[in-house]
> 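Quick one: the structure is below, and I'll ask about it shortly.
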Amino acid sequence: MNYWLIKSEPDAFSWQEQIQNNIEPWTGIRNHQAKKNLQSMKNGDLTFFYHSNVGKEIVGIVRIVKEAYPDPTDPDQKWSCVDVQTVCSVPTPVTLKQIKAIPELQEVSLIKQSRLSVMPITPEHWKLLCNLGGITQADIKK
DNA sequence: GCCAACGTTGGC
DNA sequence: GCCAACGTTGGC
């Protein structure tokens, strides 16, 4: 089981839309490192859903339900996408400001590589972030 | 293969 | 709106 974080600008695709759609193809990734991360995702992996630009906070958790396949929005089919399914909302969204204030979280890619839109999260960081957000084991087990 | 110019992302 | 941090493009 691996953990990840994906970013979305709420103006383009928000958490509310993710909840409504339930299962959503995560398309449009056009960065090699992000693509590599997409291709490392396995069915069942859990992923934080982060609102960039507006909000700047972790607002939800989704699960990988379809592993990497060619992005249908790419005419050349050389980029990849995955399908994600809504798992739960984060009761108290974890803001970037909070994350930056916690010494243990200075190594997360969200801070170190601010432009990367798909990134791995270590199990330790995952637990810490879940605690901050008020997520319990029961919330992510279904 | 180097590097300047330009474009994009995302925080502030 | 500005700017830092990247990524990409194209001339040489």
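A, B, ... follow the sequence lines: proteins, then strands. Residue 1 opens every chain.
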> Linking I/L/V/M/F/W/Y whenever their side-chain heavy atoms sit closer than 4.5 Å, directly or via other members, would A:Ile140 and A:Leu128 fall into one cluster?
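Yes; A:Leu128 is reachable from A:Ile140 via cluster members.
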> At 4.0 Å (heavy atoms only), tell me whether A:Lys97 reaches a base, stays on the sugar-phosphate, or touches nothing.
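Touches nothing.
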> Would you mind reading off the distance between A:Arg30 atom CZ and C:dT9 atom P, rounded to a whole angstrom?
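One finds 13 Å between P of C:dT9 and CZ of A:Arg30, rounded.
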> Whole angstrom is fine here: how far is it from NZ in A:Lys36 over to P in C:dG7?
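Checked: the NZ to P distance equals 13 Å.
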> So which nucleotide from B:dC12, B:dG10, C:dG7 ends up closest to the side chain of A:Glu9?
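Selected nucleotide: B:dG10.
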> Using OP1 and OP2 only, check whether a side-chain N or O of A:Lys7 sits under 4.0 Å from B:dG10.
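Answer yes for this pair, as a side-chain N or O of A:Lys7 is under 4.0 Å from OP1 or OP2.
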> Parallel, tilted or perpendicular: which describes the rings of A:Phe48 and A:Trp126, with under 30° parallel and over 60° perpendicular?
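Parallel.
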> Measure the CD-CD1 distance between A:Glu124 and A:Ile121 for me, rounded to the nearest 0.5 Å.
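Here the interatomic distance stands at 11.5 Å.
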> When rounded to the nearest 0.5 angstrom, what distance separates CD1 in A:Ile102 from CG in A:Leu132?
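With rounding to 0.5 Å, CD1 (A:Ile102) is 4.5 Å from CG (A:Leu132).
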> Over how many whole Å does the gap from A:Leu110 atom CG to B:dT9 atom C1' extend?
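Going from CG in A:Leu110 over to C1' in B:dT9 covers 13 Å.
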> In whole Å, what is the span from the CD atom of A:Gln98 to the C1' atom of B:dG11?
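These atoms are roughly 17 Å apart.
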> In whole Å, what is the span from the NE2 atom of A:His32 to the P atom of B:dT9?
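Computing the A:His32:NE2 to B:dT9:P distance gives 14 Å.
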> Take the protein atom CG of A:Asn31 and the nucleotide atom C1' of B:dG10, then report the distance between them rounded to whole Å.
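Atom CG in A:Asn31 sits about 14 Å away from atom C1' in B:dG10.
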> Ignoring backbone atoms, establish whether A:Tyr50 has a side-chain N or O less than 4.0 Å from OP1 or OP2 of B:dT9.
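It does not, given that no N or O in the side chain of A:Tyr50 lies less than 4.0 Å from OP1 or OP2 of B:dT9.
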> Check whether any side-chain N or O of A:Lys35 sits under 4.0 Å from OP1 or OP2 of C:dG7, and answer yes or no.
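No.
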> Send over the distance from A:Gln33 CD to C:dT8 C1', rounded to a whole Å.
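Distance, rounded to whole Å: 16 Å.
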> Could you check how far CG of A:Asn53 sits from P of B:dG11, rounded to whole Å?
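That distance rounds to 6 Å.
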